[in-house]
Amino acid sequence: MNNLANSSSPYLLQHANNPVDWYPWGAEALQKAKTENKLILVSIGYSACHWCHVMEHESFEDKQVAAVMNEYFVCIKVDREERPDVDQIYMSAVQLMTGRGGWPLNCICLPDQRPIYGGTYFRKNDWVSLLFNLADFYKTKPAEAEEYAVKLTEGIRQYESVELVNIQPEYSKEDLELIVSNWQHYFDKKEGGMGSSPKFPMPNNWQFLLRFAHLMKDEDMAQQVKLTLYKMAFGGIYDHIGGGFARYSVDGRWHVPHFEKMLYDNAQLVSLYAEANIWSGDPLYPQIVDETITFIKRELTSPDGGFYSALDADSEGVEGKFYTFTKGELEQILGDDADLFCIYYHVTDDGNWEEENTNVFFRRESDEQLAGMLGLTVEELSSKINNSRNKILEARSKRVRPGLDYKILASWNGLMLKGICDAYRAFDKKEYLELALQNAEFILANLVNDDGRLVRVASPKSSPKERTLTDSLSLGEGRGEAFLDDYANVSDAFISLYEITFNEEWLHTAKKLTDQAITHYYDEINGIFFYTADDDEQLIARKSEIMDSVTPASNSVMANNLKKLGLLFDNEHYQETSAQLLRNVAPQIAKYGSSYSNWCMLLMNEVFGVYEMAITGEKCDEMRGQMEKNYVPNKIILGGKKGSLPLLLDKLTDTTRIFICKDKTCGLPAENIEDALKQIID
């Protein structure tokens with residue numbers, strides 16, 4: 001075994017038996033490169049990454065390839081989910097060099113970590129040829145290598161940066177319309193989503209566009225959002241048997257997924273479909289939310305209430321094998337019910353995707369449409385399909401399972417906790433609240449250290465495969481410096497948890513974490529948060545995460561958090577910091593709204609204002625639940641039978657009342673939802 005043998009990362013452990021002399025990122029490997037004057041080969045991936053596995057099998061398990069790597073390079077393997085700071089730097093380098101990025105990410109660096117070449121997946125022969133060429137280049141032309149490293153490193157430092165803007169602009173609806181008018185050219189009006197293929201769910205994009213449709217009264221946008229939500233839920237990207245979404249579809253129809261299932265995608269999609277349910281009340285939305293949360297509880301939740309990171313795309317070395325079926329297999333499982341199931345999910349004898357005879361389940365027709373075509377009632381159709389799904393789930397559970405990445409990441413747990421809070425807002429299910437509280441307690445117990453600072457990862461001392469389901473997690477030490485996204489997403493989740501419980505302890509915890517982030521991550525000179533703390537390991541660049549992607553950027557989440565906390569605590573410093581962040585980024589947003597969707601939601605709140613709904617009195621919880629049935633996206637909720645927040649101090653009585661406040665002005669107290677809503681002007 002190589003130097004990864006003692007790692008706790010599942011991804012690094014996958015490479016522990018490679019003939020490559022891998023090191024984890026750290027002082028030992030970095031010093032070795034300097035001492036021996038060797039190039040550094042940084043290879044970055046994650047455990048659920050299919051093409052990472054392919055390159056490992058083709059190249060890193062090959063002794064001849066490994067001999068070349070070991071001879072000329074100090075080889076470092078990085079789990080991008082544990083060290084997103086390292087990934088951020090070398091991803092920037094590869095995007096600057098090639099115009100694209102992805103994983104596996106492979107970067108060749110000088111002994112001082114500055115990159116000179118990089119790319120993603122390489123075939124074996126191309127990889128070996130590249131390694132020989134780069135080793136020769138460094139040996140024969142070191143001055144050229146140095147010159148290129150200087151230029152590339154400067155590019156990395158400038159990449160995804162903004163300038164300080166001191167003058168406060170006047171934001172307007174016209175700003176929002178300009179952003180969306182540029183953006184909508186990318187919409188797929190037939191299959192939903194954006195672009196052609198591959199297609200990513202991008203839940204934060206659609207959350208903003210949903211709010212835009214509502215507040216701007218844009219019916220065309222509303223239809224585009226609904227189309228996208230339906231197409232994703234009907235497509236093969238959704239697991240119709242076990243619930244939950246895959247990371248993306250390889251085609252433009254959401255049909256064939258890239259089968260890995262990530263916590264962060266499912267967390268945000270729970271939030272999206274929950275919010276959509278309050279907005280339009282479609283019966284599909286609660287089904288998707290409940291099935292996805294059921295999947296999370298069944299397959300990605302530790303016995304202690306932490307959420308694991310991902311499920312692999314592969315099982316038994318085959319992508320998607322766990323999830324796909326031949327028609328013959330379905331006939332064995334379902335008997336006479338197989339024909340109806342195959343019609344419902346478009347299963348064919350020859351198979352409906354590239355693997356011979358195998359099928360990825362997807363839908364095209366609604367239950368109402370299909371029931372009419374088949375001469376059944378909707379209830380009969382639904383009952384038969386649900387019975388068949390349960391039988392297939394039982395049969396599938398006996399297969400060899402995809403690999404589980406059992407890391408528990410603070411940032412992604414924050415996203416999932418917020419998703420569950422959003423589900424509780426929408427559906428008022430007690431089990432959702434219980435799950436949220438369990439996870440929040442887990443975060444406090446395992447991901448916050450004695451100094452009140454977050455740690456990045458909580459990992460079990462042994463693989464979950466080695467424990468029974470009733471064993472406790474038996475956590476090792478929480479490890480790894482937290483990054484800005486950890487603080488941002490956990491704080492956001494705790495704010496949401498306060499809003500559904502009115503327990504101020506969660507809000508004060510969010511405030512304390514935000515204060516830690518300001519102390520250790522905020523750049524007062526440039527008005528932006530760094531991704532790494534001031535006392536973290538210093539890499540070749542200290543970067544900021546500004547653009548929203550498959551997850552919202554940590555700066556945009558912090559900006560939204562500071563806006564909420566500023567209102568809740570009447571804290572002008574928080575509000576000004578939020579405003580400064582938005583001022584800096586606002587000039588960039590209109591060019592490509594999809595990369596700034598979470599910023600767009602903050603901008604929308606500036607344009608429309610934020611309603612502060614204070615609900616107090618004996619029946620405040622019941623009244624909160626009733627209020628949540630009405631879609632008001634630009635609001636925060638506070639209240640309780642007691643409380644110390646500034647807005648509550650003169651409003652606490654036994655009589656249940658609702659106060660609608662905005663811009664430091666409150667309307668008359670209302671004693672029912674109807675009267676309260678009259679004070680909200682769209």
Side-chain angles (χ1 to χ4, degrees), residues 1-36 38-83 86-87 90 103-109 111 113 121-122 124 127-128 131 308-317 400-409 456-467 473-480:
M1 299 183 78
N2 55 42
N3 297 285
L4 303 181
N6 294 320
S7 300
S8 52
S9 158
Y11 176 64
L12 297 191
L13 289 173
Q14 288 172 0
H15 294 266
N17 287 305
N18 293 167
V20 177
D21 189 17
W22 291 117
Y23 286 82
W25 182 275
E28 182 181 3
L30 299 175
Q31 185 57 51
K32 178 180 173 67
K34 289 181 178 179
T35 302
E36 299 180 9
K38 275 188 174 182
L39 292 173
I40 299 172
L41 191 162
V42 182
S43 182
I44 304 172
Y46 58 99
S47 71
C49 169
H50 171 71
W51 288 102
C52 299
H53 300 327
V54 172
M55 190 164 179
E56 178 191 16
H57 178 67
E58 292 177 348
S59 296
F60 303 151
E61 292 178 355
D62 186 292
K63 291 182 179 179
Q64 291 180 318
V65 177
V68 176
M69 294 171 66
N70 296 337
E71 174 71 20
Y72 296 106
F73 302 89
V74 173
C75 301
I76 299 179
K77 183 54 82 168
V78 177
D79 183 335
R80 67 169 295 262
E81 296 161 359
E82 284 195 349
R83 293 301 305 263
V86 176
D87 177 63
Y90 295 113
W103 299 276
L105 183 70
N106 294 287
C107 225
I108 309 301
C109 309
Q113 306 169 40
Y121 165 77
F122 293 91
K124 183 172 84 169
W127 179 241
V128 173
L131 295 178
Y308 300 132
S309 293
L311 286 174
D312 205 334
D314 303 359
S315 56
E316 299 182 79
V400 176
R401 299 189 56 77
L404 170 69
D405 187 331
Y406 49 82
K407 289 193 312 294
I408 297 175
L409 299 171
R456 175 72 175 177
V457 187
S459 290
K461 294 176 182 175
S462 58
S463 163
K465 296 177 183 177
E466 299 168 10
R467 305 190 309 273
L473 186 61
S474 184
L475 283 173
E477 290 289 324
R479 57 192 171 80

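Excluded from the calculations below are hydrogen atoms, water molecules and symmetry mates; all remaining heavy atoms, backbone and side chain alike, are included.
In this structure, K38 NZ and F73 CZ are separated by 9.5 Å, a value rounded to the nearest 0.5 Å. To the nearest 0.5 Å, atoms SG (C49) and CD (E56) are separated by 10.5 Å. Once rounded to the nearest 0.5 Å, the distance linking CD1 of I76 with OG of S43 reads 10.5 Å. To the nearest 0.5 Å, atom CE of residue M69 and atom CH2 of residue W127 are 5.5 Å apart. One distance of note links CZ of R80 with CG of L105; it measures 9.5 Å at 0.5 Å rounding. Rounding to the nearest 0.5 angstrom, the gap separating the CD atom in E82 from the CG atom in L12 is 6.5 Å.
Looking at W22 and N3, their side chains never come closer than 4.5 Å, going by heavy atoms from C-beta outward. Contact annotation: the side chain of F122 never approaches that of S59 to less than 4.5 Å [non-hydrogen atoms, C-beta and beyond]. Using a 4.5 Å heavy-atom threshold, the side chains of V65 and K124 count as touching. Side-chain contact between D312 and L404: absent, with no pair of heavy atoms (C-beta onward) separated by less than 4.5 Å. Residues W103 and Y46 are in side-chain contact: their nearest non-hydrogen atoms beyond the backbone lie under 4.5 Å apart. The closest side-chain heavy-atom distance from L39 to L41 is not below 4.5 Å. Looking at heavy atoms from C-beta onward, L30 lies in side-chain contact with I40 at the 4.5 angstrom threshold. No side-chain heavy atom of H57 sits less than 4.5 Å from a side-chain heavy atom of D62.
Here the shortest heavy-atom pairing between P10 and D405 reads CG-OD1, 3.4 Å. The minimum heavy-atom distance linking A48 with A310 is given by the pair CB-CB, 4.0 Å. Between P111 and A33, the closest heavy-atom pair is CB-O, 3.6 Å. The nearest pair of heavy atoms linking P19 to F60 is CD-O, 3.2 Å. When every heavy atom of P104 is checked against every heavy atom of M55, the shortest pair comes out as CG-SD, 4.1 Å. Pairing each heavy atom of C52 with each of G45, the nearest pair is SG-CA, 3.8 Å.
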TODO: May I have the step-by-step check of side-chain contact (heavy atoms from CB on, under 4.5 Å) for R401 and S315, ending in yes or no?
DONE: CA-CA 6 Å; R401 299 189 56 77; S315 56; over 6 Å; no

- [ ] Walk me through it: do H15 and N2 pass the test side-chain hydrogen bond (donor to acceptor under 3.5 Å, both in side chains)?
- [x] CA-CA 8 Å; H15 294 266; N2 55 42; over 6 Å; no

TODO: Give the C-alpha distance, both sets of side-chain angles, the deciding distance and a yes or no for side-chain hydrogen bond (donor to acceptor under 3.5 Å, both in side chains) between D314 and H53.
DONE: CA-CA 9 Å; D314 303 359; H53 300 327; 5.0 Å; no

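Although no hydrogens or angles enter the test, the distance criterion places no donor-acceptor pair under 3.5 Å between the side chain of R456 and the main chain of I408. A donor-acceptor pair is defined here as one N or O able to donate and one able to accept, closer than 3.5 Å; such a pair exists between the side chain of S7 and the backbone of L4. Looking only at distances, a side-chain donor or acceptor of N70 sits under 3.5 Å from a matching main-chain atom of D21. The backbone N or O of Y11 lies less than 3.5 Å from no partner atom in the side chain of K77, so there is not a single donor-acceptor pair. Judged by distance alone, with hydrogens and angles left aside, the side-chain atoms of S309 form no donor-acceptor pair with the main-chain N or O of Y406 at under 3.5 Å.
The pair D79-K407 meets the salt-bridge criterion, with a side-chain N (NZ, NE, NH1 or NH2) lying under 4.0 Å from an Asp/Glu carboxylate O. In summary, E36 and K32 engage in a salt bridge, as defined by a charged side-chain N under 4.0 Å from a carboxylate O.
Heavy atoms from other residues, nucleotides or ligands lying under 6.0 Å from OH of Y72 number 12 at most.
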